[in-house]
Participant: 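Submitted below is the structure of interest, expressed as structure tokens.
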Amino acid sequence: MIADDFDAGVAPRQAIVAKRRKATGAPPDGIADTASLMDALSLEQALKDVDIANARVLDLTQRLIAAQQQTIDLQRAMSRLETKLAEQLARYQNLRNSRAYRIANRYWRILAVLRGLE
Amino acid sequence: MGWSSELAPRVLFAITVFNGPEVVPPCLRSAAGFVDDSCAIDILVLDDASPLPGFSDDLRVLCSELGVEYYRSPRNLGVPRNVNLGLLRAVRGGYDYVVIANSDVIFSQRVVEQLVRVCSSDDSIGSVTAWSNNVSIYSLPNAEPDGHLPDQRFVDWIAEAIRPEFGDEAVDIPAGISFCICIPTHVVRKVGLMDPVFGRGYSEETDWTLRSKSLGYRITLSPSAFAYHRGGGSNVAAGLVQQGHSAVPANERIVDMRYPRFRSEVLAYQHSGIPEALTQRALRRITLEGARAYGYEVTVGHLRGPEAGSELARISIERDEHGLVAFAVFKGFTAELDLSADDVITSLIAQVGREPTVIRMFDRRILRRGAGTTLDSYRVVSEVCYPPTV
């Protein structure tokens, strides 16, 4: 098998694993040390993470409040503009319905027809 | 590397685990077999409170057998915070480098040595990502990775084959991938930890490496540091990513917001020609080295398909609209070869460095037309099949 040939030229893995096992020492103590060390690291970092998360919540809450205020201000401004627009549309409609506008409109149409006859 | 034992860099190799009874044991056995002639490697398994019944107990026993350290978090932290435990342990423990790795990887024997060598070649390097069949946009393509590559001896062989090609090259990339990434601890001190905002994980290493870049550090990949990476499956099973997705969109949006130019930098890299050149060099090296070491057959005029179980390499000579082309195929890797010489077969033999075991002729016309080849001195077999060419 070619697969067996792949071993050629590389260090024997079993020997390396045995060496690592020997170097690491007795497993029970190692496990207890690792666990207590990592528990302490994990707890310390978890507390920092909570602090960071809290700071982010406070910051985001402030931003949310600011954004909401901006939204309210924009909505108010939009309402004012909508009212103004409605007023302007009503004025425009009144203008179109006036007697003067209709006479002027008729005048321009007659003028256009006469120009066409020339 | 040339370090004396007291100057040898200390490396913490942290493997993050969340379930995965099929992939984790081979991964740990692989890591336990690292060659550490030139650096002192400690391996730490960080089990993120795997919920699979009995899995953590089995893992603890395996770690003890292999002589690697094991820690199970009391509750699930998510990938970024689990990775942070490894980074913190490395910094507090006085290590020079920390490698963060997934648990569905088979590492080449000298991958740590190689990563450290590249890391130490330039003070401005902030991270070095290993190379693999499955490493996002930097992947080295293989037709059947899960069939050919989950074999420790073959992974070691690939690494040894491509090392002379790339040496200690550090290729600058847009973002690091934490399937196997080496970081000097002095960089961790400056850049900080992974951001827990990425929740259960994905994109946290993109954010971290881009943060390191903003502080002036290079984000690099070492093509000589090869590892097989299965990838994907366990994340879907754990609910980390949705079925049919390869990322977490919410986390990508965070990266988009923080680094608006990142996507265009990725596009620029993809169109730079660097990834193709890198891939072609490696594929050519692997396939030719495979052909040289284990023999090869030449097929003329046959479509490249599956390798039909052959353990030999295969060089396929075909004709396309531009003329003759040749492809070398070895265990799922395929590379296009040069055919500049007048005599095609002689030019192939010169590239491989040995003669083929057999030349299989599916279409004799291909070598007749101006290929200048005489086949008298080789073993030639005429094959009949349908269709001979398309």
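Because the structure is a prediction, the values reported are computed rather than measured.
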Participant: How far does CD1 of A:Ile52 sit from CG of B:Leu193, to the nearest 0.5 angstrom?
Facilitator: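 One gets 8.0 Å once the value is rounded to the nearest 0.5 Å.
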
Participant: Between A:Thr34 and B:Arg89, which heavy-atom pair has the shortest distance, and what is it?
Facilitator: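 That closest heavy-atom pairing would be CG2-NH1, 4.2 Å.
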
Participant: Drop me the distance from B:Leu85's CG to A:Met38's CE, to the nearest 0.5 angstrom.
Facilitator: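 Going from the CG atom of B:Leu85 to the CE atom of A:Met38 covers 4.5 Å.
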
Participant: Please look at B:Val197 and chain A and tell me whether the side chain, the backbone, both or neither of the residue comes under 4.5 angstrom of a heavy atom of that chain.
Facilitator: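 Looking at B:Val197, backbone and side chain both touch chain A.
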
Participant: Let me confirm one number: the CD-CG distance from A:Gln45 to B:Leu88, rounded to the nearest 0.5 Å.
Facilitator: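 One gets 4.5 Å once the value is rounded to the nearest 0.5 Å.
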
Participant: Given that the side chain runs from C-beta out, which part of A:Ala46 has a heavy atom under 4.5 Å from chain B: side chain, backbone, both or neither?
Facilitator: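 The answer is both parts of A:Ala46.
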
Participant: If you count heavy-atom pairs under 4.5 Å between each of B:Val155, B:Asp195, B:Leu44, B:Leu77 and chain A, which one has the most?
Facilitator: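 Ranked by contacts with chain A, first place is B:Asp195.
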
Participant: How long is the span from the CZ atom in B:Arg81 to the CG atom in A:Asp49, to the nearest 0.5 Å?
Facilitator: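 Going from CZ on B:Arg81 over to CG on A:Asp49, the span is 4.5 Å.
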
Participant: More than 12 heavy atoms of other residues, nucleotides or ligands under 6.0 Å from CZ of B:Arg189: yes or no?
Facilitator: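 Yes.
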
Participant: Would you name the heavy atoms of A:Ala35 and B:Tyr71 that are closest together and state the gap between them?
Facilitator: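 Taking every non-hydrogen atom into account, O-CE1, 3.6 Å.
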
Participant: Given a strict heavy-atom distance threshold of 4.5 Å, which part of B:Ile158 is in contact with chain A: side chain, backbone, both, or neither?
Facilitator: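 Interface part for B:Ile158: neither.
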
Participant: Kindly indicate whether the side chain of B:Glu69, heavy atoms from C-beta on, has any atom under 4.5 Å from the side chain of A:Asp33.
Facilitator: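 The answer is no; the side chains never approach within 4.5 Å.
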
